[in-house]
Amino acid sequence: MARYNPKETEAKWRTAWESADIFRAVIDPNKPKYYVLEMFPYPSGQLHVGHARNYAMGDVVARFKRARGFNVLHPMGWDAFGLPAENAATERGVSPQAWTFDNIAKMREALKRLGLSIDWSREFATCEPSYYGRQQAWFQKLLARGLVYRKEGVVNWDPVDMTVLANEQVIDGRGWRSGAPVERRKLNQWFLKITDYADQLLEGLASLDRWPDKVRLMQENWIGKSQGLRLTFAFAGSAPEPSEETECAVDGVSVYTTRPDTLYGASFLAIAPDHPLAERLAAREPAVADFIALCRQGGASAAEIESAEKLGYDTGIRVVHPFDSNNQLPVWIANFVLMEYGTGAIFGCPAHDQRDLDFARKYNLPVTPVVLPPDEDPALFHVKQTAYVGPGTIYNSGFLDGLDIDAAKTAAVARIEELNAGVGATVYRLRDWGVARQRGWGCPIPIIHCTSCGVVAVAAADLPVRLPDDMDFSQTGNPLARHPTWKHVACPACGAPATRETDTLDTFVDSSWYFARFTNPSAEAPIDPVAADYWLPVDQYIGGIEHAVLHLLYARFVTRVLADEGMLDVREPFAGLFTQGMVTHETYRRQNGEWLEPGQVDIAVEGETRRARALDTGEPVTIGEPVKMSKSKRNVVAPDDIAEVYGVDAARLFVLSDSPPERDVQWTNAGVEGASRLINRIWTEFDALNAPQARVGPGDEEAATSLRRSMHRAVKAVTEAIEGFRFNSAVARLYEFVATIRACPSTSVTATARTEALSALARLVAPFAPHLGEACWAALEAPGLVTLADWPGYDAALAQDGERLLPVQINGKRRGEVRAPAGASDADVEKLVRESPDIIQRLQGLTVRKVIVVQDRIVNLVVG
RNA sequence: GCCGCCGUAGCUCAGUGGUAGAGCGCAUCCUUGGUAAGGCUGAGGUCCGGAGUUCAAUCCUCCGCGGCGGCACCA
């Protein structure tokens with residue numbers, strides 16, 4: 001009898017898997033395929049238990065599907081471009097290549113020790129020319145399709161990372177990586193026309209029935225489709241000084257509205273401070289320029305916007321109401337109007353829009369209600385400090401009077417179109433994806449600038465455009481731009497001296513197609529059509545919720561573009577999505593504020609309180625709330641350290657068991673110890689297979705039958721829990737099953753039932769604790785590897801008990817119980833209840849008014 | 001402000017229109033040849049609060065409270 005030795009056992013089985021090469025995925029048209037993928041990691045060099053949880057989830061799915069007869073693809077790679085490598089280069093003088101590949105080597109080993117069933121033959125890093133060169137190849141196709149364009153625009157500039165950020169990468173006015181307040185700068189910038197796909201990206205969400213509603217909702221909000229009307233209010237009298245260089249209509253002000261039904265309630269127009277008309281006015285009127293400057297002072301954070309007071313400036317310009325030429329409206333510049341949305345101009349209808357109302361009250365503009373709430377008297381209804389935005393009937397509105405809101409919208413749009421004053425329009429909140437970054441460690445944009453030919457694509461034969469090996473990271477800014485020779489090339493069109501584009505692509509471009517490359521990472525073309533057709537879409541994708549509108553939207557967009565290019569056959573990359581929670585750990589802090597690692601702290605439990613002290617000085621340490629593991633708070637736990645003490649399987653089991661997968665899990669030593677004990681208990685049962693059996697006792701037959709039932713129940717429950725992504729429930733069922741097996745005496749009578757149960761247990765536990773599963777399988781002397789064994793089946797009938805214990809309620813309170821055969825009819829059960837001595841006593845002197853029998857569950861007597 | 005999720009034992013969480021559960025922790029005891037452990041037993045609950053529907057509500061509905069997340073002067 002030997003104690004379970006996780007270190008030895010785990011190493012042994014990992015070697016066995018590797019030498020049998022069983023995780024290599026090969027196309028097999030005769031088997032159903034299953035592609036399971038976790039979001040690939042950034043090679044930071046440190047693997048923490050958060051990674052372990054993420055990849056363990058995917059591994060459970062991969063191993064389960066394999067056992068269910070699927071041809072499983074489960075690859076791994078590296079999202080290897082990005083700033084940390086540049087920072088390391090600047091701080092330590094190492095090359096970003098060397099730093100990145102060194103980290104990859106460390107993390108690969110750490111991942112391999114987790115016992116993941118990954119096809120490592122497909123591994124690649126996005127910073128390899130063989131990957132990013134193919135990315136450049138399809139980027140050229142987008143360029144040819146007109147989906148890439150360059151425009152001078154206001155961009156989000158991160159002053160710390162010294163680069164441009166996409167809108168999706170600005171969180172609460174701050175850079176998503178640096179956390180620095182984002183500045184607005186005018187720059188020449190490369191964009192991908194994601195807005196061309198706005199409608200289909202929105203509609204496609206409906207087909208993603210295996211995505212969390214939450215993520216679909218977030219993408220829907222982000223795309224922000226709205227239906228409305230774009231119309232032009234003509235200038236009254238002569239137009240203000242026209243200008244050719246501005247896009248704004250020269251004969252009026254173009255506005256966008258979703259409430260054309262309230263047009264008769266318009267009392268002013270408001271334009272954004274950076275609207276071309278405002279800028280034109282500012283050029284000749286200093287007062288306007290001063291006002292615009294005032295507007296720009298305010299911060300961009302949510303709190304500042306919330307509290308910002310509405311500011312306006314009356315330009316003196318007047319426009320004509322499209323439905324009533326006698327009605328002239330003033331044009332104001334207002335700080336609450338955004339240039340980025342719609343046309344950068346609105347008509348103000350104060351009665352039915354709170355912002356417009358606040359503005360109108362401040363500047364004494366008229367407030368005319370045009371929507372009458374139900375059951376209100378038109379003579380008495382007034383809008384005071386709260387705009388009315390509910391349903392109602394249109395009034396005070398000429399030809400729209402009497403219509404409901406929807407009918408009035410349609411009628412107003414039709415009339416405006418008749419008048420040639422505007423058109424019905426759909427507007428999206430989504431804006432084009434700015435993809436250029438002024439960084440050196442990224443995929444070079446394969447474009448050449450020629451003074452005579454303009455923007456020229458690098459010829460296909462000249463791809464990949466490789467990064468130089470000798471970039472200088474000792475200064476801030478873009479090392480590609482200041483490299484002495486790299487950017488100087490001959491123009492592919494005319495041969496004259498020209499320069500390369502020195503911006504690189506956003507790393508989110510790298511991660512927007514890697515899942516397709518995994519289907520054949522050595523293909524000459526970016527995507528091998530045969531492999532992609534077989535493997536795609538990804539059947540189960542797993543990753544963090546933080547990418548709900550970043551990576552997941554970009555990947556959907558790129559997939560559609562590549563499909564339109566004929567490179568892919570699917571239009572949605574991820575058929576199933578699961579967003580997992582984080583692993584958190586409490587924090588420890590000395591009195592002087594210094595953070596301590598878990599290993600530097602000793603924790604004593606006194607009753608219900610826990611006290612911590614520093615191991616070195618013995619001083620008391622403050623225990624902080626569990627938060628996401630981070631280097632700065634030093635609460636990171638490395639899977640390797642856990643594996644050393646408890647084994648990898650214990651760590652996997654714990655991170656999957658203690659919390660529902662979509663929620664955060666709090667890492668505790670006690671939790672891993674619990675998992676480790678379970679592993680020992682399981683192993684003890686298998687290890688005892690050859691031990692002499694106990695003497696046969698009374699009740700052994702019943703014990704054997706009961707164990708069989710438990711087995712079928714456990715197989716059913718674990719199977720359903722894995723399919724439903726409820727890994728914590730699956731592990732809970734395993735705990736129960738193990739307890740049942742242990743409770744069943746080991747005799748010659750129960751031997752067969754016990755062996756069956758253990759055989760099922762080995763296979764049920766294998767997806768979670770694969771090394772243990774193999775050890776158990778070997779102890780059973782079962783053929784081959786448990787990893788390749790079929791998933792156990794179950795008999796639904798056997799999973800049921802033959803006899804049920806039914807609680808009996810009297811007026812809703814539990815008063816007794818009866819035994820009845822499973823499936824007994826209502827009448828039979830009622831008879832049993834009426835014969836039960838307990839119940840008869842309870843019912844003395846009472847009349848039974850009603851009997852409710854819920855089959856196999858409960859009986860309720862209503863008495864009085 | 002709008003939208004979503006969550007609230008069950010000390011902690012982390014299952015669960016169900018009908019008997020309130022697991023792991024960890026805690027307590028008692030046993031074992032010390034399963035031993036850098038193992039086991040028995042036990043205590044511990046206003047299922048966030050209130051109202052409604054129902055024979056019966058932790059579960060369904062409504063109104064609150066608290067926590068978390070997303071979006072946000074988006075016209």
Side-chain angles (χ1 to χ4, degrees), chain A residues 1-4 171-172 212-215 217-222 224-226 228-229 255-259 262 270 272 298 302 305-310 334-338 340-349 352-356 358-359 427-430 545-546 548-549 584 605 607-610 626 645 654 657-660 662-675 677-678 680-681 683-684 687-688 691 721 726 728-729 731-733 735-736 739 742 805-814 816-817 849-854 857-864:
Chain A
M1 196 164 287
R3 229 184 116 64
Y4 185 69
I171 315 290
D172 287 338
D213 291 342
K214 182 180 178 160
V215 175
L217 192 65
M218 283 167 71
Q219 291 211 354
E220 196 181 313
N221 289 340
W222 189 264
K225 181 177 183 172
S226 79
L229 170 69
V255 307
Y256 173 74
T257 179
T258 55
R259 293 296 304 270
T262 64
I305 287 168
E306 184 81 18
S307 58
E309 198 182 340
K310 302 245 176 323
N335 65 336
F336 70 93
V337 179
L338 306 173
E340 295 86 356
Y341 186 77
T343 61
I346 62 160
F347 78 78
C349 177
H352 304 293
D353 183 289
Q354 191 61 45
R355 296 156 301 179
D356 298 348
D358 295 345
F359 191 78
V427 164
Y428 298 90
R429 208 188 72 103
L430 182 72
I545 186 83
E546 68 272 20
V549 284
T584 63
V605 179
E608 281 174 12
T609 58
R610 297 165 68 243
V645 184
F654 171 60
S657 71
D658 209 45
S659 207
E662 67 276 14
R663 282 212 231 158
D664 292 354
V665 63
Q666 188 186 336
W667 181 271
T668 59
N669 261 350
V672 200
E673 281 168 18
R677 272 199 282 274
L678 176 71
N680 278 312
R681 284 201 286 266
W683 175 246
T684 305
D687 198 37
R726 296 186 308 272
N728 58 326
S729 299
V731 177
R733 297 290 89 78
Y735 269 97
E736 280 177 14
R742 285 155 55 86
L805 192 62
L806 304 181
V808 181
Q809 292 180 337
I810 296 176
N811 288 342
K813 300 245 194 283
R814 182 167 185 261
E817 52 195 31
R849 299 190 188 281
K850 197 170 171 187
V851 180
I852 298 128
V853 180
V854 183
R857 302 200 76 161
I858 202 164
V859 184
N860 192 17
L861 304 178
V862 183
V863 304

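Chain A is the first sequence line, chain B the second, and so forth, proteins listed ahead of strands; every chain is numbered from 1.
The side-chain hydrogen bond (donor to acceptor under 3.5 Å, both in side chains) test applied to A:D358 returns A:Q354, not counting sequence neighbours. For A:K225, the side-chain hydrogen bond (donor to acceptor under 3.5 Å, both in side chains) criterion is met by A:D199, not counting sequence neighbours. Remark: A:Y735 engages no residue in a side-chain hydrogen bond (donor to acceptor under 3.5 Å, both in side chains) (not counting sequence neighbours). Residues passing the ring pair (Phe, Tyr, Trp, His ring centres under 6.0 Å) test with A:F359 are A:F268, A:W332, A:F336, A:Y363, sequence neighbours excluded. Listed by chain and residue number, A:R259, A:F347, A:C349, A:H352, A:V370, A:V371 satisfy the side-chain contact (heavy atoms from CB on, under 4.5 Å) test with A:T262 (two or more places apart in sequence, or in another chain).
Taking the six-membered ring where the residue is Trp, A:Y4 and A:W683 present tilted rings, their angle falling between 30° and 60°.
At least one side-chain nitrogen or oxygen of A:Y341 sits closer than 4.0 Å to the OP1 or OP2 atom of B:A75.
Atom CE of A:M218 is separated from atom P of B:C2 by 19 Å (rounded to the nearest Å). As rounded to whole Å, 10 Å separates atom C1' of B:A72 from atom CG of A:L338. Nucleotide B:G34 holds its C1' atom 9 Å from the CG atom of A:D687, rounded to whole Å. Separating the OH atom of A:Y735 from the C1' atom of B:A14 is a distance of 14 Å, rounded to the nearest angstrom. Here the P atom of nucleotide B:U54 and the NZ atom of A:K850 are 11 Å apart, to the nearest Å. One interatomic measurement links the two molecules: CZ of A:R355 to P of B:A72, which rounds to 14 Å at whole-angstrom precision. Remark: C1' of B:C73 and CG of A:D358 are 9 Å apart, rounded to the nearest angstrom. Here B:A22 presents its C1' atom at 12 Å from CG of A:L678, a figure rounded to the nearest Å.
Residues A:I346 and A:G674 both approach RNA chain B. Their nearest nucleotides, taken by heavy-atom distance, put A:G674 toward the 5′ side.
Nearest to the side-chain atoms of A:R429 among the listed nucleotides B:C13, B:A56, B:C71 stands B:C71. Distances from the side chain of A:S729 to the nucleotides B:A14, B:A75, B:A56 place B:A14 closest. Listed nucleotides: B:A72, B:G4, B:C73. Nearest to the side chain of A:W222: B:A72. Each of B:G34, B:G4, B:C73 was ranked by its minimum atom distance to the side chain of A:K310; first place goes to B:C73. Closest contact between the side chain of A:L217 and the listed nucleotides B:G34, B:G4, B:G18 involves B:G4. Comparing B:A56, B:A75, B:A14 against the side chain of A:V337 picks out B:A75 as the nearest.
Taking the P atoms as reference points, B:A27 lies 16 Å from B:A43, given to the whole Å. For the P atom pair drawn from B:G52 and B:A56, the interatomic distance equals 12 Å after rounding to whole Å. B:A72 sits 48 Å from B:C55 when the P atoms are compared, rounded to a whole Å. Taking atom P in both B:G39 and B:G25, one finds a spacing of 12 Å when rounded to whole Å. Nucleotides B:C65 and B:C29 place their C1' atoms 45 Å apart, quoted to the nearest Å. Comparing the same atom, P, in B:G21 and in B:C30 gives a spacing of 29 Å after rounding to whole Å. The C1' atoms of B:U16 and B:A20 are separated by 9 Å, rounded to the nearest whole Å. Look at the C1' atom in both B:G45 and B:G7: the space between them is 15 Å, to the nearest Å.
In a base pair of the Watson-Crick type (N1 to N3 plus N6-O4 or O6-N4) or a G-U wobble (N1-O2 and O6-N3), with each distance short of 3.5 Å, B:C29 is matched with B:G39. Base-pair partner of B:C24: B:G10 (Watson-Crick or G-U wobble, both distances under 3.5 Å). Across all strands shown, B:G18 is found opposite B:C55 as a Watson-Crick or G-U wobble partner, with both distances under 3.5 Å. Checking B:C5 for Watson-Crick or G-U wobble geometry (two distances, each under 3.5 Å) identifies B:G67 as its partner.
Distance CZ/A:R742 to OG1/A:T684: 7.0 Å, rounded to 0.5 Å. To the nearest 0.5 Å, atoms CZ (A:R733) and CG (A:N728) are separated by 9.5 Å. Annotation: the span from A:E220 atom CD to A:R429 atom CZ amounts to 12.0 Å, rounded to 0.5 Å.
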Are there any protein N/O atoms within less than 3.5 Å of an N/O atom in nucleotides 36-39 of chain B, and if so, which ones and at what distance?
{"residue": "B:G39", "atom": "OP1", "partner": "A:R742", "partner atom": "NH2", "Å": "2.6"}

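A:I852 comes within 4.0 angstrom of a nucleotide base, judged by non-hydrogen atoms across all strands. Counting any heavy atom pair closer than 4.0 Å across all strands shown, A:V255 reaches no nucleic acid atom. Residue A:N221 is classed as having no contact, given no heavy-atom separation below 4.0 Å to the nucleic acid.
With a glycosidic angle more than 90° from 0, B:G64 adopts the anti conformation.
When all heavy atoms of A:Q219 and A:A548 are compared, the closest pair comes out as NE2-O, 2.9 Å.
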